[in-house]
Asks: 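One structure is given below, represented as structure tokens, and several questions about it will come after.
Remember, it's 1-based here, ligands and their atoms both numbered in the order they're listed.
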Amino acid sequence: MEIKPLRIGNLLLPSNILMAPLAGYTCLPFRILVSELGAGLNFTEMASANSLKYHDLATRKLLLTDKRSGKVKAAQLLGGNPAIMETVACSKDMEKFDIIDINMGCPVPNVFKAGEGCAMMLDMPRASAVIRAVKKSGKVVTVKCRTGIKENDMFAAEFARMCEDAGADMITIHGRSRSMMYDGVPHYEEIAQAKAAVSIPVIANGGINSALDAKRVMEQTGADGVMFARYALENPFVIRDLTGTFYNKSLLEVMLEQLSLALEYYDETFALQYVRRIAANGMKKRRGTKKYKEGLYRAGSVAEIKELLCLIFGEGEP
Ligand SMILES: Cc1cc2nc3c(=O)[nH]c(=O)nc-3n(C[C@H](O)[C@H](O)[C@H](O)COP(=O)(O)O)c2cc1C
């Protein structure tokens, strides 16, 4: 596997190791962290185009960005209506972004029933119309999808071809069908078929849980890059290790910095919730820290959270 810069449309990303959009996690502080660790690109979590159309403040907050979160900036939009997607893609909300990623992979029932996320894979003419509509923004447009809806009926290559024909500049494929949700061994062979079917960059995602997995998946699929998701919450340093980026902060320093960044950009309630979540992920493999978990969720002030972070992450590496 080759870790190298990646060209998407007219943009050059510093590496082909990408960080996935993760609702509840990839707020600005986490995006700053992965950018410093060498991720070639990170994404905002999915932002509903319908909500943005009505200027919903909570949704706008998901789009916060800063020069520290990387030179090339990507927002992920969720929506299935071409006219609304075009309006939002061309709106002020998207001005600071270089890339608009379209979510065609979200499997959750409410999203699916609304004909958005993964449901777009069942309606290729509409999915194509949405890509063409978002392209009118003049930005680089990427798509994130799954391998299909059912495990016994997957069609990643056909879907990738449609995306390329509609003008998409890159496609990320989560190697699971909707029916698999977030579990089970991803179907990397489907990603390999999609890669062979198109000439735009294809990124492999799903179940990449170590640096070795990243190398294996890239070799197995021939993909142009890989995208870490849940594993990077447990061990963000995997991005540094793969990209060879100089970064020598400890996990405790990272956690304390995440807290101060969250307080800088958001209110205290949000900051505490966010830090509880990333700390809970970061401590998963740290022996002897289970006893702090309850306290973490009960901690109601910045001082209490700081104290717990020091206890959990201050006792040497696992
Ligand atoms: C908590 C959570 C939130 C997610 N949020 C998003 C999202 O906002 N947009 C998106 O395209 N995918 C989202 N995903 C899917 C991930 O980006 C990724 O495709 C998936 O977790 C598979 O990768 P993994 O097995 O390495 O975790 C989410 C997944 C999880 C577990």
Asks: Can you pull out the closest protein heavy atom to atom 11 (O) of ligand 1? Residue, atom name and distance to 0.1 Å, please.
Replies: Q76 NE2, 2.8 Å

Asks: Enumerate the atoms of ligand 1 whose separation from the nearest heavy atom of R230 is less than 4.0 angstrom.
Replies: 21 (O), 24 (P), 25 (O), 26 (O), 27 (O), 31 (C)

Asks: Rounded at 0.5 Å granularity, tell me how far CD in E257 sits from CD1 in I32.
Replies: 8.0 Å

Asks: Can you measure from CZ (R240) to CG (L33) and round to the nearest 0.5 angstrom?
Replies: 10.5 Å

Asks: Show which atoms of ligand 1 fall inside a sub-4.0 Å distance from at least one heavy-atom site of A229.
Replies: 18 (C), 21 (O), 23 (O), 24 (P), 26 (O), 27 (O)

Asks: Cation-pi check for F112 against R178: NZ or CZ below 6.0 Å from the six-membered ring centre and within 45 degrees of the axis, yes or no?
Replies: yes

Asks: Contact between ligand 1 and Y182 is defined here as a heavy atom of the residue under 4.0 Å from a ligand atom; is it met?
Replies: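 A heavy atom of Y182 does come that close to ligand 1.
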
Asks: About how many Å separate CG of N205 and OH of Y188, when rounded to the nearest 0.5 Å?
Replies: 8.5 Å

Asks: May I ask you to identify the nearest protein heavy atom to atom 20 (C) of ligand 1, giving residue, atom name and distance to one decimal place in Å?
Replies: H174 CE1, 3.8 Å

Asks: State the CG-CE distance between L41 and M170, to the nearest 0.5 angstrom.
Replies: 6.0 Å

Asks: Only heavy atoms of G207, strictly under 4.0 Å: list the atoms of ligand 1 that pass.
Replies: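 Contacts of ligand 1 toward G207, numbered from 1: 24 (P), 25 (O), 26 (O).
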
Asks: Say whether L263 and M255 are linked into one hydrophobic cluster, either directly or through other cluster members, by side-chain heavy-atom distances under 4.5 angstrom.
Replies: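 Cluster IDs for L263 and M255 match.
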
Asks: Quick one: nearest non-hydrogen protein atom to atom 12 (N) of ligand 1, plus distance?
Replies: K144 NZ, 3.0 Å

Asks: Is there at least one pair of N or O atoms, one from Y25 and one from ligand 1, spaced under 3.5 Å apart?
Replies: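 In this structure, Y25 places no N or O atom under 3.5 Å from an N or O of ligand 1.
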
Asks: How many angstroms lie between CD1 in I191 and CZ in R146, if you round to the nearest 0.5 Å?
Replies: 11.5 Å

Asks: Run the salt-bridge test on D66 and R31 with the 4.0 Å N-O cut-off and return the result as yes or no.
Replies: no

Asks: For N209, is at least one N or O under 3.5 Å away from an N or O on ligand 1?
Replies: no

Asks: Please say whether the positively charged group of R277, taken as NZ for Lys or CZ for Arg, lies over the ring of Y274, i.e. under 6.0 angstrom from the six-membered ring centre and within 45 degrees of the axis.
Replies: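 R277 over Y274 ring: no.
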
Asks: Heavy atoms only: which of V217, N205, T172 is nearest to atom 18 (C) of ligand 1?
Replies: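 Shortest heavy-atom distance from atom 18 (C) of ligand 1: N205.
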
Asks: Name the orientation class of the two ring planes belonging to H174 and Y182 (parallel below 30°, tilted from 30 to 60°, perpendicular beyond 60°).
Replies: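 H174 vs Y182 ring planes: parallel.
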
Asks: For atom 3 (C) of ligand 1, which candidate among A20, P21, A23 holds the nearest heavy atom?
Replies: A23

Asks: Has G24 got any heavy atom lying under 4.0 angstrom from an atom of ligand 1?
Replies: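 Not so, G24 does not reach ligand 1.
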
Asks: Give the residue, atom name and distance (to 0.1 Å) of the protein heavy atom nearest atom 2 (C) of ligand 1.
Replies: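 The closest one turns out to be L22 CD2, 3.8 Å.
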
Asks: Which residue and non-hydrogen atom of the protein lie closest to atom 8 (O) of ligand 1, and at what distance in Å?
Replies: M46 N, 3.1 Å

Asks: Geometry only, no angles: is F228 polar-contacting ligand 1 at N/O separations under 3.5 Å?
Replies: no

Asks: For ligand 1, which atoms, with element, lie under 4.0 Å from some heavy atom of R176?
Replies: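 Listed by number with element: 22 (C), 25 (O).
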
